[in-house]
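Notes follow once the structure below has been shown.
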Amino acid sequence: MGTAQAMLSTRDRASAATPQAEFARNALYYMKLMREVEDRIERKLYRQGKILGGVYVGRGQEAIPVGAGLHAEPGDVLFPSHRDMALYFIRGVHPRQIFAQYMGRTGGLTRGRDGNMHMGDMKLNIVAIISAMAASVPVSVGAAMALRYKGTRNIAFNFFGDGATSRGDWHEGLNLAAVQKAPVVFVCNNNQYAYSTPLEKQMACANVADRAPGYGIPAEIVDGNDVAAVHEAVGRAAAHAREGLGPYLVECKTFRMTGHSAHDAADYVPKQLFDEWSGRDPIERWQNRAVAEGHLTRDDVRQMDEEIRREMDAAIAWAEASPYPDPADLTRNVYEER
Amino acid sequence: MQATYLEAIRRGLWEEMERDPNVFLLGEDIGVYGGAFKVTAGMLAHFGEKRVVDTPIAESAIVGAAIGASLMGLRPVAEMQFSDFITCAYDQIVNFAAKCRYRWDASVPIVIRAPSGGGIHGGPFHSQNPEALFTHTPGLKVVCPATARDAKGLIKAAIRDNDPVLFFEHKGLYRRIKEDIPEDDYTVPIGKAAVAREGRDLTIVTYGAMLYVALDAAEILDKEGVSAEVIDLRTVQPIDDETILASVRKTSKVLVLHEATLTGGVGGEIASRIAETAFDHLDGPVMRVAAPDTPVPFSAPLEEAFLPNVDRVLEKARALAAY
Ligand SMILES: Cc1ncc(C[n+]2csc(CCOP(=O)(O)OP(=O)(O)O)c2C)c(N)n1
């Protein structure tokens, strides 16, 4: 069990409950944890000047990495986009490592070599994105081919935004996946903007999912702000891939409830869109439903919130105490050191 | 055993496939057809579809998939049908493969084989030598074998290397070079140059197909009383400074020769390294012979004028010897 999971006693107490109740708690917990860590980074630490470089958050999109990520087996390999922080928590990365990563400290996953969401760890089977959108799509196809090559039933999960689907790498990757019947699940967070560019200037078809049939890949569209719906759809996709039937695309309709990054006020987004989508917040929705269905009590939720909040201060303090990298190491690790 | 340069590469691939079940090949037309130049002929029949993967025409996906497979512990060897198409995979190579280790300690043991070079009337898109595009990217190793012996030893070393290696095989040498190569399992270390001919008066530093131009020139210079040493770099990233500098200290005169175009080429890097670290040993300027800064032309008289040749080497070498 990962450190992030171990951190919350509320959850531990739930482990004996029904699978539905366990999912309800896990889903709520990871969404809340992601929201809180990103809020701290974007709204506090960034403004305090403690963050180095850019900050891209997935506020409003948390149901996507959580709903999908809870299907990942340890042997599956994950390719998060820059708005999928919850995947790291699900794999056991601790929030303090994320804070350290954003502060450029050695306690971060890249030890100060790279920043923000550019982080990975093959011990956890998480591959770090590079900046170039969609570059990880063909890479995930190769990883999936390797999992099959080794005779496992494991699969790859690749996450990307709507804008990324305009790039050649996306198309080359999907086509190769289809031809190879590679066991990979493609998860699109269609948040309707790529930086300032709205969907209709990104593509002339209505849905990202419309692109899939051209490659012979099954696809479905799902409410990306409903964690259970995402979970179900990705469950079908994962089963399809695990059975050797090839790739599958799930398009999650959502909305980016922030600017592109912390420096971006998103004046180009009509205010009414924010208003409309703030009524569909995935965390609030799930929390209400989970309580209504009796998987959690209001008290459980309050406790969960408190514990997450309490953990944040310690995690941030840990990150701030983590040393900066030593310039003496600047030229190390470019090639294998023997 | 007698082997052509091409057979030597195939033998190296074959032996590594036999040795390590994690090694597999991917690329365009490499299976049933055996590759545009037949380097992988017979390998599909022997190793099967799992290990010899024919792909769509998608260089970025080929390299990307190789990276992904390598992250999962395999050792892919990707083929570019012609090195001219490697630029379609440029981002995957320079931004993904090259930077994984530095950024997040992930090993990317891929090999990208790329048939390069001119002299076959291939025109602007089937003749280039793009190695310098990649020597400028930290994290990549770049190999350019000139002999059949080295081609086999270096492809095997490349496959065993834990960093991404670009393997530029000169297609003009594929069937032109035939020599005795050891039958046993040997590797040639990446990053180590060879002294292809010993000499006292000047040094020609070269690699790839230009090795033979350098050796021919050295033969003629010898008759003129000029003893030329020829260094075959074999690897252009990392560069074997030690072997170059030892020769510079001996001869005090250096000419760098490559088939790739002049500006921004490997020759400029070598010249600066020598100027920086062995200036006191020099008795003349470090000179370069390279292709002019043009695309590779198609028609025979143009291509002949484009490719560096023995006469151009002799002209510079004589001037250098006279210093
Ligand atoms: C190849 C490339 N071009 C430009 C950029 C700059 N850039 C970073 S994120 C982004 C928008 C990405 O949009 P999308 O894929 O929809 O993901 P989202 O940020 O909306 O989650 C752009 C243009 C980039 N990272 N990569």
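Excluded from the calculations below are hydrogen atoms, water molecules and symmetry mates; all remaining heavy atoms, backbone and side chain alike, are included. Letters go in sequence order (proteins before strands), and every chain restarts at 1.
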Those residues of residues 83-92 of chain B, ordered by number, that approach chain A below 4.5 Å (heavy atom to heavy atom): B/Asp91, B/Gln92
Tell me yes or no: between the side chains of A/Gln202 and A/Thr197, is some donor less than 3.5 Å from an acceptor? no
Please determine whether the number of non-hydrogen atoms from other residues, nucleotides or ligands lying under 6.0 Å from atom CD of B/Glu242 exceeds 12. no
Value rounded to 0.5 Å, distance of OG1 in B/Thr40 from CZ in B/Arg113: 6.5 Å
Within the 3.5 Å criterion, strictly below it, is a donor on B/Arg103 or A/Asn333 matched to an acceptor on the partner's side chain? no
Portion of B/Val63 that has a non-hydrogen atom of chain A nearer than 4.5 angstrom: neither
Given the options A/Ile129, A/Val141, A/Val127, which has more heavy-atom pairs under 4.5 Å with chain B than any of the others? A/Val127
Does any heavy atom of chain B fall under 4.5 Å from the side chain of A/Met145, the backbone, both, or neither of them? side chain
Please flag which part of A/Asn125 lies under 4.5 Å from any non-hydrogen atom of chain B: side chain, backbone, both or neither. side chain
When the 4.5 angstrom heavy-atom criterion is applied to A/Val334 and chain B, the contacting part is both
Does any heavy atom of chain B fall under 4.5 Å from the side chain of A/Ser136, the backbone, both, or neither of them? both
At a 4.5 Å cut-off on heavy atoms, which part of B/Leu74 comes close to chain A: side chain, backbone, both, or neither? side chain
Chain B contact via A/Arg148 - which portion, at a heavy-atom distance below 4.5 Å: neither
Note: vs chain B, highest number of non-hydrogen pairs under 4.5 angstrom among A/Asp114, A/Leu147, A/Val179, A/Ile130 is A/Ile130
With side-chain contact (heavy atoms from CB on, under 4.5 Å) as the criterion, how do B/Asp105 and A/Arg113 come out once you've worked through the C-alpha distance, each side chain's angles and the decisive distance to 0.1 Å? CA-CA 10 Å; B/Asp105 303 299; A/Arg113 302 301 174 111; over 6 Å; no
Crowded around B/Tyr186 OH? As in, over 12 foreign heavy atoms under 6.0 Å? yes
Report yes or no: does A/Glu251 contribute a side-chain atom to a donor-acceptor pair with the main-chain N or O of A/Ala209 at less than 3.5 Å? yes
Report which part of A/Lys150 has an atom under 4.5 Å of a heavy atom belonging to chain B: side chain, backbone, both, or neither. side chain
Can you say whether A/Leu174 sits under 4.5 Å from chain B via the side chain, the backbone, both, or neither, judging by heavy atoms? neither
The interface call for B/Asn95 against chain A, heavy-atom contacts under 4.5 Å, is both
Cut-off 4.5 Å, heavy atoms of chain B, and the answer for A/His118 is both
